[in-house]
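Below: the structure, in structure tokens.
Heavy atoms only: backbone and side chains are in, while hydrogens, waters and symmetry mates are out.
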Amino acid sequence: MAARGAKRAAERPAQIKTKRAKLNGNKTPQVERETKRVTFTLENEETSGNSQTNIISVPPPVSTGKWTNKERVLVFSSRGINFRTRHLMQDLKTMMPHSKADTKMDRKDKLFVVNEVCEIKNCNKCIFFEAKKKQDLYMWISNVPHGPSAKFLVQNVHTLAELKMTGNCLKGSRPLLSFDPKFDKEPHYALLKELFTQIFSTPRYHPKSQPFVDHVLTFTIADNRVWFRNYQIIEEDASLVEIGPRFVLNLIKIFQGSFGGPTLYENPHFQSPNMQRRMIRQAMAAKQKERQMVKEIRKEKRKEEHEVLTQDVTDDVFATPAEPKEPPVELEPPEPRSTKKKLRLTELKKRTQMKRKGLR
């Protein structure tokens, strides 16, 4: 029995190969397919007896269902991120079926190592989250290995679990990308638009994707920042309901290479979070100084009011000097003052004498 099972297991790969060869032999490639010709006759001509055949050529299908767009996006982060960033990464992975994950990168490693990680994972795009001071989150979007790449400061992060929106979409469905008209007006925004389309658009006929379009990813520009939103398309009235996640990207720099290289664009409106915190501290210190100054001014005013009230000009109008009196002359010496200690001592002496005599 064991020998028969081994023979069957050895014969299975050969049978599978023959089946695949037959299936591939029946299929014809897209280039070899020719236009189909369909002949039909009109009903009016059949009744009249003059039957005339009309030939219509049907073009071949545009696509044969092959996965041609091989875009793969690596989504991972550095060590030190908080729970919200971790949930945001998970949301992006579920939203993009063509994404891949990797372990967290050490802080001591330089950013050029990310290119090697992408090459090992066979990815040509990358979304890298970098955490600093356990409170600032930076996001890198790069085209590996030749560039360009962009660095953003991520603000106002809200995840799917946190928002609890009413919208919903199919997992792995292909999204529509909607961009603000401002993306076509300036060159650095046009470059970002091309990066976003290559990263967030799900390739057609991807094995993990679904052949449905039921949600929209919007990128709008307001206050010199890129606002990311995800909406569901409702078929009944074509209205939009927000799904999540949502976040705001504040552009810092655009580099020519991948994670480095010459700077193509630097945002003049960007202000680092350290500078913002410093300005807030300075504003709080200035408020405290103002309060202290107001307190000191109030104290000085109160002192001046007290001094004015004590000095009255009319007090000395009716004052008459008294007659001088001669000091009294004492002829007898003053009596000795008896202190409390002396009185107590005399009382104690009396008691002791009474006890000795037996009177008490």
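Between His206 and Trp67, the ring-plane angle classifies as perpendicular under the 30° and 60° cut-offs. Using bins of under 30°, 30° to 60° and over 60° for the plane-to-plane angle, the ring pair Phe76/Phe128 lands in the tilted bin. Ring geometry for Phe228 against Phe247 counts as parallel: the plane angle stays under 30°, on a 0 to 90° scale with 60° as the upper cut.
Between Asn115 and Ser258, the shortest heavy-atom distance links the atoms OD1-OG, 2.7 Å. Looking at every heavy atom in both residues, Leu88 comes nearest to Thr159 through N-CG2, 3.7 Å. Contact between Leu195 and Pro148 at its shortest, heavy atoms only, is CD2-O, 4.2 Å. The minimum heavy-atom distance linking Met89 with Val75 is given by the pair CE-O, 4.3 Å. A pairwise comparison of heavy atoms in Phe196 and Leu177 identifies O-CD1, 4.2 Å as the closest pair.
Checking Asn143 against Lys125 by side-chain atom types alone, a donor-acceptor pair falls below 3.5 Å. With no hydrogens or angles considered, a side-chain donor-acceptor pair links Gln198 and Glu194 at under 3.5 Å. There is a side-chain donor-acceptor pair under 3.5 Å between Ser239 and Asp237.
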Check step by step if side chain to side chain contact (heavy atoms under 4.5 Å, CB included) holds for Ile233 and Asp214. CA-CA 5 Å; Ile233 303 170; Asp214 58 353; 5.5 Å; no

Show, in sequence, the C-alpha distance, side-chain angles and deciding distance for Thr220 and Arg229, and conclude whether the side chain to side chain contact (heavy atoms under 4.5 Å, CB included) test is met. CA-CA 9 Å; Thr220 56; Arg229 295 289 185 273; 5.9 Å; no

Under the side chain to side chain contact (heavy atoms under 4.5 Å, CB included) criterion, do Asn274 and Asp136 qualify, and how do the steps go? CA-CA 9 Å; Asn274 292 331; Asp136 301 330; 4.3 Å; yes

Start with the C-alpha distance between Val114 and Cys126, add both sets of side-chain angles, then the distance that settles side chain to side chain contact (heavy atoms under 4.5 Å, CB included), and finish with yes or no. CA-CA 8 Å; Val114 181; Cys126 180; 3.7 Å; yes

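Here Phe152 and Tyr138 keep their ring centres 6.0 angstrom or further from each other.
Side-chain contact between Ile120 and Asp102: absent, with no pair of heavy atoms (C-beta onward) separated by less than 4.5 Å. A 4.5 Å side-chain heavy-atom check between Trp140 and Phe255 finds at least one atom pair inside the cut-off. Within the 4.5 Å cutoff, no side-chain heavy atoms of Pro175 are placed close to those of Phe200. At least one side-chain heavy atom of Lys133 sits under 4.5 Å from a side-chain heavy atom of Arg277. Side-chain atoms of Arg84 and Glu162, non-hydrogen and from C-beta on, do get closer than 4.5 Å to each other. Annotation: side chain of Thr94 is in contact with side chain of Gln90 (closest heavy-atom distance under 4.5 Å). Residues Arg225 and Asn250 form a side-chain contact, since some pair of their non-hydrogen atoms from C-beta on lies under 4.5 Å apart. Side-chain contact between Ile252 and Asn267: absent, with no pair of heavy atoms (C-beta onward) separated by less than 4.5 Å.
A distance-only check finds a donor-acceptor pair linking the side chain of Asp91 to the backbone of Leu160 [under 3.5 Å]. Side-chain atoms of Ser173 never come within 3.5 Å of backbone atoms of Gln210 as a donor-acceptor pair (strictly under, hydrogens ignored). Proximity of a side-chain donor or acceptor of Gln232 to a complementary backbone N or O of Asn168 within less than 3.5 Å is detected. No donor-acceptor pair under 3.5 Å is formed between the side chain of Thr202 and the backbone N or O of Arg174. The backbone N or O of Arg107 lies less than 3.5 Å from no partner atom in the side chain of Arg79, so there is not a single donor-acceptor pair. Although no hydrogens or angles enter the test, the distance criterion places a donor-acceptor pair under 3.5 Å between the side chain of Ser78 and the main chain of Ala131. Listed for the Ser209 side chain is no donor-acceptor partner under 3.5 Å among the backbone atoms of Tyr205.
Ile199 and Leu217 fall within the same hydrophobic cluster, defined by Ile, Leu, Val, Met, Phe, Trp and Tyr side-chain heavy atoms under 4.5 Å apart, directly or through other members. The same ILVMFWY cluster, assembled from side-chain heavy atoms under 4.5 Å apart, contains both Leu264 and Leu192. No path of Ile, Leu, Val, Met, Phe, Trp and Tyr side chains, each step under 4.5 Å between heavy atoms, connects Ile221 with Tyr231, placing them in separate hydrophobic clusters.
Annotation for Lys134: atom NZ does not count as buried by contact number, only 12 or fewer foreign heavy atoms lying within 6.0 Å. More than 12 heavy atoms of other residues, nucleotides or ligands lie within 6.0 Å of CD in Glu186, so this atom counts as buried by the packing criterion. Within a 6.0 Å radius of CD in Gln282, more than 12 heavy atoms belonging to other residues, nucleotides or ligands are found. Heavy atoms from other residues, nucleotides or ligands lying under 6.0 Å from CH2 of Trp227 number 12 at most. Heavy-atom neighbours of Lys104 NZ from other residues, nucleotides or ligands within 6.0 Å: above the threshold of 12. The number of heavy atoms from other shown groups lying within 6.0 Å of CD (Glu296) is above 12.
The pair Asp180-Lys182 does not count as a salt bridge, with every side-chain nitrogen at least 4.0 angstrom from each carboxylate oxygen.
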